[in-house]
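Scroll down for the structure; my scribbles are underneath it.
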Amino acid sequence: MKIKKESLQTPRGTRDLMGQELSVWRRVSDIAEEAAKYYGFQEIRTPHFEHAELFGASLGETSDVVEKQMYSFKTRGGDHLVLRPEATVPLVRAYYEHGMQAEPQPILLYMNGSFFRHEAPQKGRWRQFGQFDVEVMGEELAVAEATTIRLFSLIFKELGIDTTLEISTMGDKDCRPQWRKELVSYYKKHVEKLCKDCKRRFKENPLRLLDCKEPACQEYKTKAPQMLEYVCDECKAHFKEVLEFMDALEIPYRLNGTLVRGFDYYTRTVFEFQANIVTKKEDGTEETKTMTVAGGGRYDYLGQVLAGKDLPAAGGGIGMDRVVSILMERMDEKAQEEFTKIEKPKVFLIQLGMAAKRKTLALMEEFRKARIPLAQSLSKDSIRGQLRLASKLGVPYSLIMGQKEALEGSIIIRDMDSGMQETLPITRAIERLKLKIK
Ligand SMILES: [Zn+2]
Ligand SMILES: [Zn+2]
């Protein structure tokens with residue numbers, strides 16, 4: 001039996017991550033995770049699939065994701081499961097499952113992983129996509145949003161991606177209904193001219209009308225009533241606090257009254273980071289395009305929906321695929337190499353003959369334990385060939401092991417600048433190198 005040709009390719013909207021792109025991805029992950037840990041976030045990894053019921057109520061039965069984008073399946077045992085379409089709901093599920101409400105609050109978690117949505121594939125959008133997600137749970141004060149935004153802004157700065165923060169409030173159960181009413185009466189006059197999706201949104205969830213990206217609907221969107229005009233005193237005070245944090249942290253922002261995030265669980269603060277990407281056009285002039293690279297907000301009612309308990313919380317996610325694609329497009333090969341180089345090797349290991357090869361294999365572990373980054377050539381080059389490679393890598397020291405040294409249990413340290421060499425027993429050589437390169 002032969003496999004169909006199409007089956008030898010990844011399914012539509014997915015790809016193999018490999019080569020330089022994967023190196024960049026790994027480096028972005030490291031930078032994001034390191035920053036999150038520094039700010040006190042703990043890592044968590046939830047399963048790639050969850051009970052379908054978890055998402056229906058929490059994201060909104062009429063949300064695009066629940067209505068048409070979830071990968072859902074029945075197991076042989078009859079369970080109805082879905083591939084996780086986002087991170088916040090699983091993390092709140094985990095919060096309750098592990099009794100985190102009994103621990104000192106807030107709980108700071110981060111998750112770096114893959115998520116799944118059956119969307120029309122397009123540039124920067126994949127059906128399996130990577131997201132770096134953080135959540136601050138059990139914190140009602142604006143510091144929760146501020147911590148998330150601050151962390152994201154630091155990560156983008158470190159990656160050298162110029163971003164603009166857009167921010168708004170969606171109000172709460174006291175003030176949002178009034179805005180919704182105004183929105184409905186406004187859109188009622190235009191509903192015939194809206195796109196097909198918006199006609200549906202008008203009936204099912206009018207706030208989502210502001211989510212529309214169709215050019216035909218933009219005109220109505222910009223003139224629509226904005227939440228900021230209807231926000232109640234408590235929501236206003238909270239939003240003011242968020243903005244004061246932004247000022248204190250010197251994070252510039254733009255108020256965007258039509259900013260709504262796609263899920264029902266958002267309350268009050270919502271935000272997005274837009275990357276400003278400058279590209280050269282064919283005629284040499286520059287053009288700036290924007291691309292959403294992160295988003296998030298507050299979701300004070302999600303705890304009620306999932307567990308019947310109040311859980312004030314905020315968080316957000318960085319779209320890894322887009323961030324990596326921006327970096328890949330911006331960097332040439334050399335810059336990519338520089339960016340992905342975590343630690344330059346300090347020592348090059350030269351081995352001559354089989355006896356030496358066997359010996360150096362064991363030696364590698366000694367170096368790993370001593371945390372000395374080591375490079376070596378696995379082909380059977382001559383000593384000259386290997387030395388040439390060592391100087392190309394720019395290592396300060398080489399270690400040479402030939403037949404004689406292998407038998408004696410010794411090794412030669414060569415200073416690559418001066419060419420000076422000394423022969424030492426292996427254990428002493430490692431001690432000596434540790435001192436030299438620290
Ligand atoms: Zn529309
Ligand atoms: Zn309110």
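Atoms within each ligand, like the ligands themselves, are counted from 1 in listed order. When a residue number appears, it is its place in the shown sequence, counting from 1. The model shown is predicted, which means the values in this text are computed figures rather than measured ones.
A ring-centre distance under 6.0 Å is not found for Tyr265 and Tyr301. Centroid-to-centroid, the aromatic rings of Tyr186 and His190 come within less than 6.0 Å. Between Phe156 and Phe273, a ring centre-to-centre spacing shorter than 6.0 Å is recorded.
Every residue meeting the side-chain hydrogen bond (donor to acceptor under 3.5 Å, both in side chains) condition with Asp310, not counting sequence neighbours, appears here in chain and number order: Gln304. Scored by the side-chain hydrogen bond (donor to acceptor under 3.5 Å, both in side chains) test, Arg176 finds no partners at all (sequence neighbours excluded).
Under 3.5 Å, the side chains of Ser114 and Gln128 contain a donor-acceptor pair of N or O atoms. Asn276 and Thr163 form no side-chain donor-acceptor contact under 3.5 Å, judged by distance and modelled atom types alone.
Counting only protein atoms, the N, O or S atoms lying less than 2.8 Å from the Zn ion (ligand 2) are Asp172 OD1, Cys175 SG, Cys232 SG, Cys235 SG, ordered by chain and residue number. Protein N/O/S atoms closer than 2.8 Å to the Zn ion (ligand 1): Cys195 SG, Cys198 SG, Cys212 SG, Cys217 SG.
Under a 4.0 Å N-O distance rule, the pair Glu50/Arg84 does not qualify as a salt bridge.
Using cut-offs of 30° and 60° on the angle between ring planes, the pair His118 and Tyr71 is perpendicular.
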